[in-house]
A.B. asks: 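Please find one structure pasted underneath; my questions will follow.
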Amino acid sequence: SEANHKVAEMLDLDPHQSNRTGKHNGETEIQENGIKRHRTSLPAPMFSRSDFSVWSILKKCIGLELSKITMPIVFNEPLSFLQRITEYMEHIYLINKACSHADPLERMQAVAAFAVSAVASQWERTGKPFNPLLGETYELTREDLGFRFISEQVSHHPPISAFYSEGLSKDFIFHGSIYPKLKFWGKSIEAEPRGTITLELLKHNEAYTWTNPTCCVHNVIIGKLWLEQYGTVEIVNHSTGDKCVLNFKPCGLFGKELHRVEGYIQDKNRKKLCVIYGKWTECLWCTDPTTYETYKKNEKRGGEQKKLKPGLADPDVIKSENDEADDMPEVQDTVQFIPGSKLLWRINCRPPNSSQMYNFTSFAVSLNELEKGMEAILAPTDCRLRPDIRNMENGNMDVASKEKERLEEKQRAARKERAKDEVEWHTRWFHQGTNPYTGTSDWLYSGGYFDRNFSDCPDIY
């Protein structure tokens, strides 16, 4: 109780409002960032894009790299790209599951499900996150989920975002750097992910690496915007030599393959151990290779296809493979279920008013939450303090647009000043190095962020 009062005083919060910011009767503990119950909606509904033409902006940009193109704020969503990266952690229970498994095959299955779930939040998210300013940061501590996360924009041209996350129980480390290459192809915008993602399971002394699939937004000129992911994702276990190959299938001419993911896990001798199938927008299943091949042969012969519907799959299988089964959404799946398959992951339900909130998930809605007193704890470079994103979230579009222009001009002026004085930019929390598992160039966490010495942070806002 005394500790709760001290933290509450530091955050300038009422310690008796335990239902909002602290633990109740000592049952729970105030989080470092002062939030216990996270908000379930944004302060203002989404601004309509119907009166704006993307074509008027993009017609001069065909085939060009879009990171240098200034887009009107109406095409944004009120999150920084650093916050979008944090959405990898929405399904962190899959990392926890991987840590708990004794069988390396089951660990790889959980890691594969986590890699697919990391892109699931992008479903129907056609708004563009704000480009982070050089030196911008974002932190998130979630004691309820058991992790803390820090990211930094380490380069502006090319735009590179570095992140580092660790389990509060010291059971995993998740880190990487992302350089999204954006291109406009006339009717679509393609985001090619570059950079390595690494997950280390400390208890098992294992490290997994992979890269994300390519993301493409269609109908940017006319029609309803829609999004697909395609490309091959290879997840490598550098300790055992096991590999998971996931094929995110392109839509195809008639849309039959839209959102489909198919792949397999093989050992170091290239023997297939299991087959994985599903949709990155719905769920992921696995089965043994023999069962899968038999089913596919029967399917080609015109055999009966069984579609998974709520209640038709074996509830014992789902329950045993996911402790969070009670939290699973009751959604109508379109994945053809192969009898005997094991459920690896299922997407979370969106909030009922998600369409009015940029199609955010419940996790995404909470990312820009800023409660009274948090400014005293956060780094001055944290995304939550960006005035353009904050004003857009609050529905002040004109102010947000002016603030966006001001921040971009301030960044350009600072860059010119550094060039004039021949001063190089130095990152604060990450340094360029070599990924210890792939041998490729990477941005590695330097440590020290959570010591909260922010005296030398740059003034970017």
Side-chain angles (χ1 to χ4, degrees), residues 88 90-91 93-101 103-123 197 199 201 206 208-214 228-237 240-250 256-299 305-308 313-314 317-318 320-322 324-325 328 331 333-348:
Y88 286 158
E90 180 168 358
H91 297 273
Y93 74 88
L94 292 168
I95 294 182
N96 298 333
K97 181 180 291 187
C99 292
S100 68
H101 283 311
D103 183 359
L105 174 60
E106 291 185 305
R107 290 198 295 273
M108 177 63 90
Q109 290 171 348
V111 172
F114 176 74
V116 173
S117 74
V119 301
S121 66
Q122 298 181 31
W123 181 39
I197 296 174
L199 173 64
L201 304 183
E206 288 182 339
Y208 301 79
T209 60
W210 68 90
T211 57
N212 281 330
T214 295
E228 68 171 328
Q229 309 266 0
Y230 49 78
T232 301
V233 173
E234 289 191 359
I235 307 171
V236 178
N237 183 333
T240 65
D242 294 351
K243 179 188 291 186
C244 177
V245 180
L246 296 173
N247 181 20
F248 286 71
K249 296 195 172 185
K256 182 180 179 181
E257 303 295 330
L258 182 61
H259 306 323
R260 290 194 180 279
V261 180
E262 286 187 4
Y264 55 87
I265 296 175
Q266 65 180 30
D267 63 18
K268 62 181 179 180
N269 299 317
R270 297 189 177 182
K271 177 185 177 182
K272 284 189 179 181
L273 304 177
C274 78
V275 173
I276 294 176
Y277 67 96
K279 289 188 177 182
W280 63 268
T281 56
E282 295 180 17
C283 55
L284 208 61
W285 298 81
C286 73
T287 188
D288 67 273
T290 303
T291 301
Y292 184 80
E293 292 301 325
T294 301
Y295 179 83
K296 284 297 181 181
K297 288 179 181 178
N298 292 336
E299 184 182 51
Q305 298 175 354
K306 180 181 178 181
K307 283 195 173 184
L308 172 67
D314 186 348
V317 172
I318 297 179
S320 64
E321 291 306 317
N322 191 342
E324 289 78 11
M328 286 184 181
V331 295
D333 289 343
T334 61
V335 176
Q336 292 181 353
F337 172 67
I338 300 175
S341 297
K342 179 175 71 173
L343 181 67
L344 298 179
W345 161 81
R346 190 191 294 263
I347 196 170
N348 289 335

A.B. asks: Taking all non-hydrogen atoms of both residues, which atom of Ala98 and which atom of Leu201 are closest, and how far apart?
C.D. replies: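 Of all heavy-atom pairs spanning Ala98 and Leu201, the closest is CB-CD1, 4.0 Å.
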A.B. asks: Test your reading of the model: is there a side-chain donor-acceptor pair from Arg346 to the backbone of Cys283, 3.5 Å cut-off?
C.D. replies: no
A.B. asks: In chain order, what residues pass the side-chain contact (heavy atoms from CB on, under 4.5 Å) check against Gln266, with sequence neighbours excluded?
C.D. replies: Lys243, Tyr264, Arg270
A.B. asks: Taking side-chain contact (heavy atoms from CB on, under 4.5 Å) as the definition, give me every residue that meets it alongside Asn269, ordered by chain and number, with sequence neighbours left out.
C.D. replies: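 Applying side-chain contact (heavy atoms from CB on, under 4.5 Å) to Asn269 gives Asp267.
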A.B. asks: Does Thr232 form a side-chain contact (heavy atoms from CB on, under 4.5 Å) with Val245? I'd like the steps, not just the answer.
C.D. replies: CA-CA 7 Å; Thr232 301; Val245 180; 3.8 Å; yes
A.B. asks: Run the side chain to side chain donor-acceptor pair (under 3.5 Å) test against Asn212 and tell me which residues pass, sequence neighbours left out.
C.D. replies: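 With neighbours one apart ignored, the set is Tyr88.
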A.B. asks: Of all residues at least two apart in sequence or in a different chain, which pass the side chain to side chain donor-acceptor pair (under 3.5 Å) check with Thr294?
C.D. replies: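 Here no residue qualifies.
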A.B. asks: Roughly how far apart are Gln229 CD and Gln122 CD, rounded to 0.5 Å?
C.D. replies: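 The CD atom of Gln229 sits 4.5 Å away from the CD atom of Gln122.
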A.B. asks: What residues, two or more places apart in sequence or in another chain, satisfy side chain to side chain donor-acceptor pair (under 3.5 Å) together with Thr214?
C.D. replies: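 Partners of Thr214 under the side chain to side chain donor-acceptor pair (under 3.5 Å) test: none.
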A.B. asks: Among residues at least two apart in sequence or on other chains, which ones pass side-chain contact (heavy atoms from CB on, under 4.5 Å) with Leu105?
C.D. replies: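 Testing Leu105 for side-chain contact (heavy atoms from CB on, under 4.5 Å), a comparison that skips the adjacent residues, returns Asp103, Gln109, Ile265, Leu273, Cys274.
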A.B. asks: Could you check Arg107 against Asp242 for side-chain contact (heavy atoms from CB on, under 4.5 Å), going step by step and ending with a plain yes or no?
C.D. replies: CA-CA 11 Å; Arg107 290 198 295 273; Asp242 294 351; over 6 Å; no
A.B. asks: Where do Thr291 and Pro339 come nearest, in terms of heavy atoms and distance?
C.D. replies: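 Distance-wise, the nearest heavy atoms are CG2-O, 3.9 Å.
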A.B. asks: Identify the two heavy atoms, one from Pro213 and one from Tyr230, that lie closest to each other, and give their separation to 0.1 Å.
C.D. replies: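 Minimum heavy-atom contact is CB-O, 3.6 Å.
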A.B. asks: Is it true that the side chains of Glu206 and Tyr208 contain a donor and an acceptor less than 3.5 Å apart?
C.D. replies: yes
A.B. asks: Report the C-alpha separation of Leu343 and Ser341 in whole Å, then their side-chain angles, then the decisive distance to 0.1 Å, and conclude whether the side-chain contact (heavy atoms from CB on, under 4.5 Å) test is met.
C.D. replies: CA-CA 7 Å; Leu343 181 67; Ser341 297; over 6 Å; no
A.B. asks: Closest heavy-atom contact between Ala120 and Trp280?
C.D. replies: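 Scanning both residues, the minimum pair turns out to be CB-O, 3.4 Å.
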A.B. asks: If you look at every heavy atom in Tyr295 and Gln336, which pair is closest and at what distance?
C.D. replies: OH-OE1, 3.9 Å
A.B. asks: Only counting residues at least two apart or in another chain, list the ones meeting salt bridge (Lys or Arg N to Asp or Glu O under 4.0 Å) with Glu90.
C.D. replies: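 Counting only residues at least two positions away or on another chain, Glu90 forms no salt bridge (Lys or Arg N to Asp or Glu O under 4.0 Å).
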A.B. asks: Would you check, one step at a time, whether the test side-chain contact (heavy atoms from CB on, under 4.5 Å) holds for Val111 with Leu199?
C.D. replies: CA-CA 8 Å; Val111 172; Leu199 173 64; 3.9 Å; yes
A.B. asks: Considering only heavy atoms from C-beta outward, does the side chain of His259 approach that of Phe248 to under 4.5 Å?
C.D. replies: no
A.B. asks: If the condition is side chain to side chain donor-acceptor pair (under 3.5 Å), which residues does Asn96 pass it with, not counting sequence neighbours?
C.D. replies: none
A.B. asks: Could you work out, with ring pair (Phe, Tyr, Trp, His ring centres under 6.0 Å) as the rule, every residue matching Phe114, not counting sequence neighbours?
C.D. replies: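 Residues passing ring pair (Phe, Tyr, Trp, His ring centres under 6.0 Å) with Phe114: Phe174.
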A.B. asks: For residues Lys279 and Thr334, is any side-chain donor paired with an opposing acceptor at under 3.5 Å?
C.D. replies: yes
A.B. asks: Using every non-hydrogen atom in the two residues, find where Met108 and Ile235 come nearest and quote the distance to one decimal.
C.D. replies: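 Minimum heavy-atom contact is CE-O, 3.7 Å.
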A.B. asks: Distance check, rounded to the nearest 0.5 Å: Ile276 atom CD1 versus Trp285 atom CH2?
C.D. replies: 13.5 Å
A.B. asks: Arg260: which residues meet the salt bridge (Lys or Arg N to Asp or Glu O under 4.0 Å) condition with it, sequence neighbours left out?
C.D. replies: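 By the salt bridge (Lys or Arg N to Asp or Glu O under 4.0 Å) rule, Arg260 matches no residue at all.
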A.B. asks: In chain order, what residues pass the side-chain contact (heavy atoms from CB on, under 4.5 Å) check against Glu262, with sequence neighbours excluded?
C.D. replies: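 Glu262 satisfies side-chain contact (heavy atoms from CB on, under 4.5 Å) with Lys249, Tyr277, Tyr292, Lys296 once adjacent residues are dropped.
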